[in-house]
Amino acid sequence: MTESATPPAQSPANMPPYRYSARLAAEIESRWQDLWEQRGTFHTPNPAGPLADTARLAGKPKAFIVDMFPYPSGAGLHVGHPLGYIGTDVYARFKRMKGFNVLHTLGYDSFGLPAEQHAITTGIHPRINTESNIANMRRQLRRLGLGHDQRRSVSTTDEDFYKWTQWIFLQVHGAWYDTEQKRARRIEELVTEFDKGTRPTPDGRPWSQLTTNERHQVIDSYRLAYLTDAPVNWCPGLGTILANEEVTAEGRSDIGNYPVFKRNMRQWMMRITSYADRLLDDLDRLDWPEPIKLMQRNWIGRSVGARVAFSSSAGNIDVFTTRPDTLFGATFLVLSPEHPMVASLTSPEQRDAVERYCAQAAAKQDSERQDDSKEKTGVFVGATATNPVNGTQVPIYVADYVLMGYGTGAIMAVPSGDQRDFEFARTYNLPIVATAMPPDSWFEQHDIAPSANCSTWPCAFTGDGVYIDSANSSVSLNGLTSIEEASTTIVEWLEKNSHGQGTTTYRLRDWLFSRQRYWGEPFPIVYDEDGNAHAVPESQLPVLLPELADFKPTALDPNDADSDPIPPLARITDWTQVTMDLGDGPRSYRREVNVMPQWAGSCWYEMRYLDPTNDTHFVNPEVEKYWMGPAHEGHTGGVDLYVGGVEHAVLHLLYSRFWHKVLYDLGHVSSEEPFHRLFNQGYIQAYAYRDARGQAVPAAEVVENNGAYSWNGESVSREYGKMGKSLKNIVTPDEMYEEFGADTFRLYEMSMGPLDASRPWNTRDVVGMQRFLQRLWRNMVDEDTGDLIVTNDPAPEELLRHLHRTIAGVEADMDGLRFNTVIAKLIEFNNALTQHVTQTHSSPRDVVVPLVQMLSPLCPHLAEELWARLGHSDTVTYEPFPVADPELLKEDTVEIPVQINGKVRGRIVASPDADQDTLVALAQAVDSVAAALAGKQIVKTIVVPGRMVNLVIK
RNA sequence: GCCCGAGUGGCGGAAUGGCAGACGCGACGGAUUCAAAAUCCGUUGUCCGAAAGGGCGUGUGGGUUCGAGUCCCACCUCGGGCACCA
């Protein structure tokens, strides 16, 4: 049997004419999909604007359910792609039946590198490709029966979408971060403060004395979107800047294998670091998976410590440390090779060595420098600095294990308290001084005698110890026992004596926001003759991406590190040069020729679903308030459920939170967070097979025999991972529609396991879900005549009780997105119904109706069909979800296990609320229990009423 | 190296600290059929046993508890994230 073989084709000739087969399913499904579209079944009402229908939303709570929108790939879908979309569709349909006004749709993230790269290889314009890909994906997804409001589907490349991406950029550009109020404010308010003198200008001169250019520069330095020289990966051979992910470990381009150079270039940045604390702290309020929160916390990387000034001949050297308590143990300083003071500190004797070392470091790739398996290297600069706590002269080194981009790019090295410093000190024979006496257990663990003499230590000690040798005339840490206490003490001293201050640094960097590409949103920015950036007025948005026949980047001499990129847009000189009136008459300006990164559109797209055609606002404020809502009890506001892959844990989910907070601060949105509840769906994985030469062979043709795999008689090896064209293991939804129908396919994907777990695809297993639907269909429809076999006779009580147990369980599991156990419960109930139908040849309406209702979120087409056959003229979509009757949930009797010493030895049947004495008496009367008890003494009796009895004997 | 997450039948997976293996696949047996497919019914953790029944079982080793897949400690394996962040 092959792993993913298709079952033998059914023979329609011998099949009963009304069997629920793939053929019948296809007929039902396409009919209902057309009906839904004609009737606008999934059109969701807004409280205002063109989509308003206040009557339909009256009294209903709202549920805004969003999938992470896809990039419209040309490769088409495989069965792994729709997993999350099916999950959200089932949930959305469930919530509709629970009386919620549900908004669910899907847009397309169409700008960016993949589309552009594809265009470059094929020579087809990205717009053409993008549009045909979107059309194809819409077709494939429509066939799945997703209940989306199609009127609200948007694409980030639509002009009336990216108009608002540009508008939001201008909001960010037009804002600054007030560190006192801890929020973004409009740049005009900053100007007012400067003008009034309530806020001093950077150099202290009155605002009125600054020239226009000077004012412009001061204001620009405060903006949340700003220009700066930032190091980038410049690849002249491709004519473009590359993302870190696109550069190989050897420092060459992933595509084309050209050299890549680190260079500073003028780039747009977003001041996300201003929001570091809020992005970190607000995580606590979100209903997100803990691992994702943890990844964001690590990414932001807040570390609390101190800056300490060490004086030197070239001025003060600021170091950052998280362990100010170890200051007395600092025996040398280390500067990053890029540190601006390196040159001025270097002595003439050491100049050659230092320059050589820095040049080597500059030539290295980040990945090389960060390979911590290698030995630490560094060079003495020939100068010393003074430790402010004890006046010690400590040598200054330059070493590439210190990074310029973190803290101050300079550290104080405490070899006794930091493993990296310890290794460096051992390599260069630098002194190691203990400032804390480790506990005896630490010495035992390392098999050495307790001693403060670090010469015997095998490594640094980083825990809590008793402080020693840590005092000067005005402060002493000696005798303290905790890092926290010692740190507080020494920071107070540093601040009092102006040697430093407590401070917090972050691993998070500002966001590099420009790309030297074509397929992205143009910046709404122009430059004047002095090079000052100006915002394009709102009234002139969108700044359209100009049509460009040759959209390829200009390739340059691959080895010329000093060349400059020529972004595609720079070549259209009649576009880049523009005359406009920015309030001081028509002038000539030069447009920004970079474009925004792929992330820009995805930072806010969900809000455009709310009001997709609005041409005066990015979203009508009333509509925004209704769907995104302000925070309330246990809810941060924003999207109610956001489902997508874990790969967006940091970048997209951090950038979008940042933009949302800026919009909140400026009063444009009513919630502080965009996504209240986040759920990461797992991935569908698949087996792939390779022959002896390592070539992938078609997985569908591989034969398994006793755990060995072969293809065409040749033995092949199996691996487990992604589905991919090159692995020849792709299974498409279209194949599943063809063989089983969309409802069976949906059901299988939901039944494979919990939604957040990854699982292997097995086409062989799909048939189980089809059999279930066949049995369910047969329980209501005669396979030979097509007649309904449903009667109005009441169901037997036992079946009714089973139904209500099922309702209660299904409802709870639906709410928790546990669709796999929902399906198990429905199958169990349907199996019980089958027994009844087999005996009576009829199906009681009072259990069939709720069964169809419960099935409808999972298998909407089949449910609609049965619903109509049961005599309803309207869709089942908005029917109330069945409610479990508490009376029918109570059992008259329950079977209870009787344990002897924790092992089951018998069973009793009793009333669920029988008391302890009754249960024990019943238990002792059971033969097997009595036998086990014979001659023994019961020393303890544990009874959980309605659940179990345990007799402890000896 | 550090930080997360996960280990349950032949396979995917179920189990508020209370009958381990729900449900599905596969396999085996039977009904139906000229025959097969499809469909329906039954069996299916493992070992001993003819059976009744019993022993053993949730990665490994300890612990808490009347009772542990579930809680605690240590370890092993796999998956993921970060990676000289001072």
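Every chain is numbered from 1 and lettered A, B, ... according to where its sequence line falls, protein lines coming before strand lines.
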Can you confirm if the NZ or CZ of Arg718(A) lies within 45° of the ring axis of Tyr687(A) and under 6.0 Å from the centre of its six-membered ring?
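Yes, cation above the ring, under 6.0 Å and within 45°.
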Would you call the rings of His648(A) and His652(A) parallel, tilted or perpendicular, where under 30° means parallel and over 60° means perpendicular?
perpendicular
Do the rings of Tyr406(A) and Phe320(A) sit parallel, tilted or perpendicular, given the 30° and 60° boundaries?
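Correct class here is perpendicular.
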Indicate syn or anti for G81(B), taking the glycosidic torsion and treating anything within 90° of 0 as syn.
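This nucleotide is in anti.
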Nearest-neighbour nucleotide for the Arg905(A) side chain, C82(B), G18(B), G55(B) considered:
G55(B)
Donor-acceptor pair present, [X] side chain and [N] base, under 3.5 Å:
X: Lys825(A); N: C23(B); value: no
X: Asp765(A); N: C25(B); value: no
X: Arg907(A); N: C19(B); value: yes

I'd like to know whether the aromatic ring centres of Phe332(A) and Phe424(A) sit less than 6.0 Å apart in this structure.
yes
Counting only Watson-Crick or G-U wobble pairs whose two distances fall under 3.5 Å, which nucleotide matches G18(B)?
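Answer to the pairing question: C66(B), which forms a Watson-Crick or G-U pair with G18(B).
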Complementary nucleotide of G29(B), counting Watson-Crick and G-U pairs under 3.5 Å
C41(B)
Within the 4.0 Å heavy-atom criterion, would you say Met948(A) contacts the bases, only the backbone, or no part of the nucleic acid?
base
Checking all strands, does Ser303(A) fall into the base, sugar-phosphate, or nothing category for heavy-atom contacts under 4.0 angstrom?
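Touches sugar-phosphate only.
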